There are 2 protein chains.
Amino acid sequence: MLISELSERADVSIATIKYYIREGLLPKGTSTSPTRAEYGEQHLQRLRLIRALVDVGALPLAGVRAILNAVDDDSVNLHYLLGTAAYALEPRPERPVGDPEWDRAERTTDELLAEFGWKVTEHAPARLKLTRTLATLDRLGWHIDPGLLRAYADSAARIVRHEFGTVDFDRPRAEVVEYAVAMTVLMENAMTALHRLAQEDMSGRVLDTAGQAPDAPHV
Amino acid sequence: MLISELSERADVSIATIKYYIREGLLPKGTSTSPTRAEYGEQHLQRLRLIRALVDVGALPLAGVRAILNAVDDDSVNLHYLLGTAAYALEPRPERPVGDPEWDRAERTTDELLAEFGWKVTEHAPARLKLTRTLATLDRLGWHIDPGLLRAYADSAARIVRHEFGTVDFDRPRAEVVEYAVAMTVLMENAMTALHRLAQEDMSGRVLDTAGQAPDAPHV
DNA sequence: CAAAACTGGAGAGTAGTACTATCCAAGGAA
DNA sequence: TTCCTTGGATAGTACTACTCTCCAGTTTTG
């Protein structure tokens, strides 16, 4: 197909497709004449994946590029690829030194990981993210209930067992790899959405709502 | 305290503090002379909350402003405030018409909400977010296992019960309100971080990792 | 008491991200 | 043959979140 058809089928403007090609997110079409190039189904699928990661996953293009490079590199195994996705999802926060809140948060994180027997690398972005969140809450004067944290971790473990149960590792690598990336990025969205829905339901049950509708934003 | 002390204690540059005041995120200090103004502890706390929402919660400043306006408005009850926070967290996605994937996803969302008995408004951003995520996965050719979705929802319900258990509704309103906002925004971070940590652990157990370390980004 | 440093306030300038628009000459379709 | 589309390149735009510079008045310091 020509670029115009690709543009229409993926619902992405030609200018944007050209931009993605320039930026190395999408491979070039195969030239058939000096002013014509042919695009295939794989271009369409890739374009849809990019849009999904950008629109739904809210990833910066640099992150998308990092993930796609790893996806395309056959020497990268799946565990490592998931790691790459995790890195792309989060800019690496640097660890402040001599910060009492950070040190306390780090201890809490380490204890939790030990308690659940989770083996993750020292520099896993998610580990730093958790630590930073706990340190920030501490700095704001709120100390998180350890039981709540354990409930989160317990839920995470349960969910991940479910997720891995749905992966068919016998399918072609490219397919498994794209599925894994979509799982990591998109289902995280679904999870936070469900969290907020449960919160809205619970807050409606617990709190007085008489006279105020919660369906109009207060901006 | 003067602006320089506020800047130092909150670890935010004077220029940025001035910018926040201009943008209406932070109230002015009380002027003591034409070139001097006094800032109090509440300025410091507010500044820390802004930084937490921006840095850890990755909220845009417009979203932070919307939340803070609702926090400061005593006529806004807690249920409504949580709704405001939810709106600030997500730009309202518009609903495409005549899109088969979207319609299927919407049906899945509605069924799930009905099954769990969650009462949420029609236009809840989280509801649209979930629908959009499911529609996107559908468009990419992956159909989510209903059991997995139910596992997510189940975890969300369990977590929210825990969260509401830790809130002391008898404390002063300002305190409860800030706690609720922090809960919504920051603990979501903690949740996704734990999800990724559980994923890394599981992927290390299930997949071959020989010869490759997952702790260096593939960029 | 004079020089240096700091203050609040205002406006302009900057860096990064993600496009979007314009131009061009060569090909193809009506 | 006339018009439209194409690939390729370059420049421009919109938005966000600061950051810088300037100013005149005010403290602080030597």
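Worth knowing before you read on, the calculation uses all heavy atoms, side chains too, and leaves out hydrogens, waters and symmetry mates. Treat the numbers as computed from the prediction; the structure is a model and nothing was measured. Order of the sequence lines sets the chain letters (A, B, ...), proteins ahead of strands, with each chain counted from 1.
Look at CZ on A:R36: it is 13 Å from C1' on C:dA25, rounded to the nearest Å. One interatomic measurement links the two molecules: CD1 of B:I14 to C1' of C:dC6, which rounds to 8 Å at whole-angstrom precision. If you take CD1 of A:I3 and C1' of D:dT6, they are 8 Å apart, rounded to a whole angstrom. Put simply, CD on A:E5 is 14 Å from P on C:dA29, counting in whole angstrom units. Going from atom CD1 of A:I21 over to atom P of D:dT6 covers 13 Å, rounded to whole Å. Protein atom CG of A:D55 is 13 Å distant from nucleotide atom C1' of C:dC19, rounded to whole Å. Across the protein-nucleic acid pair, A:R22 atom CZ and D:dA9 atom C1' stand 8 Å apart, rounded to whole Å. For B:R65 and D:dT16, the CZ to C1' distance is 11 Å, given to the nearest whole Å.
Remark: B:S13 is not in phosphate contact with D:dC18, judged by side-chain N or O atoms under 4.0 Å from OP1 or OP2. Listed pair B:S33 / C:dG8 fails the phosphate criterion, with no side-chain N or O lying under 4.0 Å from OP1 or OP2. When the side-chain nitrogen and oxygen atoms of A:Y19 are compared with OP1 and OP2 of C:dT17, none of them lie within a distance under 4.0 Å. Close to C:dT7, at under 4.0 Å from its OP1 or OP2, lies a side-chain N or O of B:S4. The phosphate of C:dC19 has OP1 or OP2 within less than 4.0 Å of a side-chain N or O from A:R51.
Salt-bridge check for B:E41 with B:R9: passed, with a basic side-chain N closer than 4.0 Å to an acidic carboxylate O. A:R127 has no carboxylate O lying under 4.0 Å from a charged side-chain N of A:E106, or vice versa, which leaves the two without a salt bridge. Using a cut-off of 4.0 Å between Lys/Arg side-chain N and Asp/Glu carboxylate O, A:R139 and A:D99 are scored as salt-bridged.
The side chain of A:T35 lies closest to C:dG27 when the candidates are D:dC18, C:dG9, C:dG27. Among the nucleotides D:dA17, D:dT6, D:dG7, the one closest to any side-chain atom of B:P60 is D:dA17.
In this structure, A:E23 places its CD atom where more than 12 heavy-atom neighbours from other residues, nucleotides or ligands lie under 6.0 Å away.
Mapping A:Y20 and B:P34 onto DNA chain C by nearest heavy atom places B:P34 closer to the 5' end of the strand. Residues B:T32 and B:V54 both approach DNA chain D. Their nearest nucleotides, taken by heavy-atom distance, put B:V54 toward the 5′ side.
Remark: the B:T16 side chain and the B:S13 side chain contain an N/O donor-acceptor pair separated by less than 3.5 Å.
The residue A:A15 sits close to a base: some heavy atom pair falls under 4.0 Å. Counting non-hydrogen atoms under 4.0 angstrom, A:K28 reaches nothing in the nucleic acid.
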